[in-house]
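To start, the structure itself, in structure tokens.
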Amino acid sequence: MLNLTLSWQSAGALAAAAYGASVAVRRIGTPSPRRVSVGLVVREAATMIALFAVWQYAGQISVMSEDGAIDRGQSIWDAERWLHLPSEQTLQSWALPHPWLVEGANYYYASMHFGAMIALLAWVFLRHRRAYPWVRMTVVLVTAWSLLVQLIPVAPPRLLPGNGMVDVAVEYGQSVYGESIGGLQADSYSAMPSVHVAWCVLVAVAVIRLSRSRWRWLVLAHPVLTVAVVVVTANHYWLDGVAAVTLLLLAYLVQWYAARLRAAYLLRRSAVRGEGGVGGAETPLGPPPAPVGLARPADAGSVSGRGD
């Protein structure tokens with residue numbers, strides 16, 4: 001099973017071409033709303049492809065020798081036992097007697113990671129355009145920080161000797177860590193943190209925050225299943241998911257604080273110019289609070305706005 005079909009060079013070239021196409025579409029001929037919209041879609045696709053190129057490239061480099069990857073993986077395993085966390089091997093042992101369950105977990109691991117994120121970005125772009133910037137920026141921030149951490153190789157449970165974990169993807173011929181069409185081999189020593197977990201929680205938060213449907217809470221099944229899958233397939237430790245969610249919360253906090261600083265700047269500028277109404281940006285943690293120490297003009301609007 002292969003879910004990586006582009007090398008970082010191919011993805012980078014495709015991203016550059018898409019950026020060029022987005023500019024051409026928006027500038028050639030008489031401007032029109034339709035042309036602008038198509039240009040925006042192509043530009044956003046280029047941004048995600050560029051992020052994928054960085055992902056691919058980062059998987060091939062490290063700042064430390066892979067010789068210590070096993071020791072670092074063992075340290076995480078030992079830390080979990082010290083913290084009395086449930087054993088990943090126990091959860092996997094429950095699934096091993098059921099081949100259909102193991103195969104399903106392998107498929108979910110390989111396909112839903114990118115599939116759910118692509119679906120989310122398309123939905124937010126088309127239905128909740130004002131919220132799209134913070135969703136996209138969250139993806140960029142949490143992925144970039146995760147890749148920085150992954151520059152330090154850490155062996156996943158499936159490669160850790162003596163822990164009883166089985167590499168079920170290899171056993172069932174479904175591994176995504178073989179040679180891809182682009183000749184790229186996915187990084188096998190990027191266990192910490194789990195980008196799978198970061199992205200699935202991001203998807204759930206975005207859907208619950210933006211959707212008005214009473215069925216939106218069903219999206220919580222995605223992070224629950226993803227966490228179970230990354231453990232059953234022996235690709236990640238529990239602490240990989242904890243670290244990923246921590247980075248996601250940090251990404252939310254950074255954007256919230258940036259929105260707060262922007263609100264402060266706009267309030268100062270509007271006060272100097274005698275203007276009212278300060279538009280605010282959508283933030284994942286809700287509307288930024290009024291800056292401390294600044295008197296809001298009587299006619300100023302709310303520093304908020306949902307991304308609907």
With a 4.5 Å cut-off on side-chain heavy atoms, are [Y] and [X] touching?
X: L141; Y: Q255; answer: yes
X: Y252; Y: V142; answer: no
X: V166; Y: R158; answer: no
X: W77; Y: Q74; answer: yes
X: V197; Y: P223; answer: no
X: Y189; Y: L159; answer: yes
X: W94; Y: V232; answer: no
X: P99; Y: Y172; answer: yes

Atom pair [atom1]/[atom2] of [X] and [Y] - distance to nearest 0.5 Å:
X: M192; Y: D240; atom1: CE; atom2: CG; value: 4.5 Å
X: S87; Y: M165; atom1: OG; atom2: CE; value: 7.0 Å
X: Y237; Y: S75; atom1: OH; atom2: OG; value: 9.0 Å
X: D167; Y: N106; atom1: CG; atom2: CG; value: 8.5 Å
X: L148; Y: T143; atom1: CG; atom2: OG1; value: 11.0 Å
X: L249; Y: T246; atom1: CG; atom2: OG1; value: 6.5 Å

Same cluster for [X] and [Y] if Ile/Leu/Val/Met/Phe/Trp/Tyr side chains link at under 4.5 Å?
X: V230; Y: L101; value: no
X: V205; Y: L225; value: yes
X: L96; Y: L160; value: no
X: V168; Y: V170; value: no
X: V224; Y: W217; value: no

*Among V149, D71, I76, I70, side chain to side chain contact (heavy atoms under 4.5 Å, CB included) partner for V154*: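 Result for side chain to side chain contact (heavy atoms under 4.5 Å, CB included) with V154: I76.
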*In sequence, state the C-alpha distance, the side-chain angles, and the governing distance for V139 and L120, and then conclude on side-chain contact (heavy atoms from CB on, under 4.5 Å).*
CA-CA 11 Å; V139 175; L120 172 74; 5.8 Å; no
_Determine whether W145 and V195 satisfy the following criterion, side-chain contact (heavy atoms from CB on, under 4.5 Å), listing intermediate values before the conclusion._
CA-CA 10 Å; W145 292 340; V195 180; over 6 Å; no
*Under the side-chain contact (heavy atoms from CB on, under 4.5 Å) rule, what do R72 and I152 come out as? Steps first, then yes or no, please.*
CA-CA 9 Å; R72 286 184 283 273; I152 301 175; 3.6 Å; yes
Ignoring hydrogens, what is the shortest heavy-atom contact between [X] and [Y]? Give both atom names and the distance.
X: A105; Y: V229; answer: O-CG1, 3.2 Å
X: A234; Y: P156; answer: O-CB, 3.9 Å
X: N163; Y: Q89; answer: O-CG, 3.5 Å
X: S194; Y: G241; answer: CB-N, 4.3 Å
X: P86; Y: W238; answer: O-NE1, 2.6 Å
X: A243; Y: P193; answer: CB-CB, 3.9 Å

*Does the side-chain contact (heavy atoms from CB on, under 4.5 Å) test come out yes or no for M112 and T226, once each step is laid out?*
CA-CA 9 Å; M112 289 302 292; T226 299; 5.8 Å; no
*With R127 as the cation and F125 as the aromatic partner, state whether NZ or CZ is under 6.0 Å from the six-membered ring centre and within 45° of the axis.*
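No cation-pi geometry.
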_Test: R136 cationic atom under 6.0 Å from W134 six-membered ring centre, within 45° of axis_ =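 Output no; distance or angle outside limits.
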_Just checking R81: does its CZ atom have more than 12 heavy atoms from other residues, nucleotides or ligands closer to it than 6.0 angstrom?_
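Yes, the 6.0 Å shell around CZ holds more than 12 heavy atoms from other groups.
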*Compute whether any side-chain donor of one residue and acceptor of the other, for Y108 and H222, lie under 3.5 angstrom apart.*
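H222 and Y108 do have a side-chain donor-acceptor pair below 3.5 Å.
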*asked:* For the residue pair W123 / S211, report whether a side-chain donor-acceptor contact shorter than 3.5 Å exists.
replied: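 Per modelled atom types, S211 and W123 side chains form no pair under 3.5 Å.
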*Would you please classify the geometry between the H196 ring and the H236 ring as parallel, tilted or perpendicular, with 30° and 60° separating the classes?*
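Tilted.
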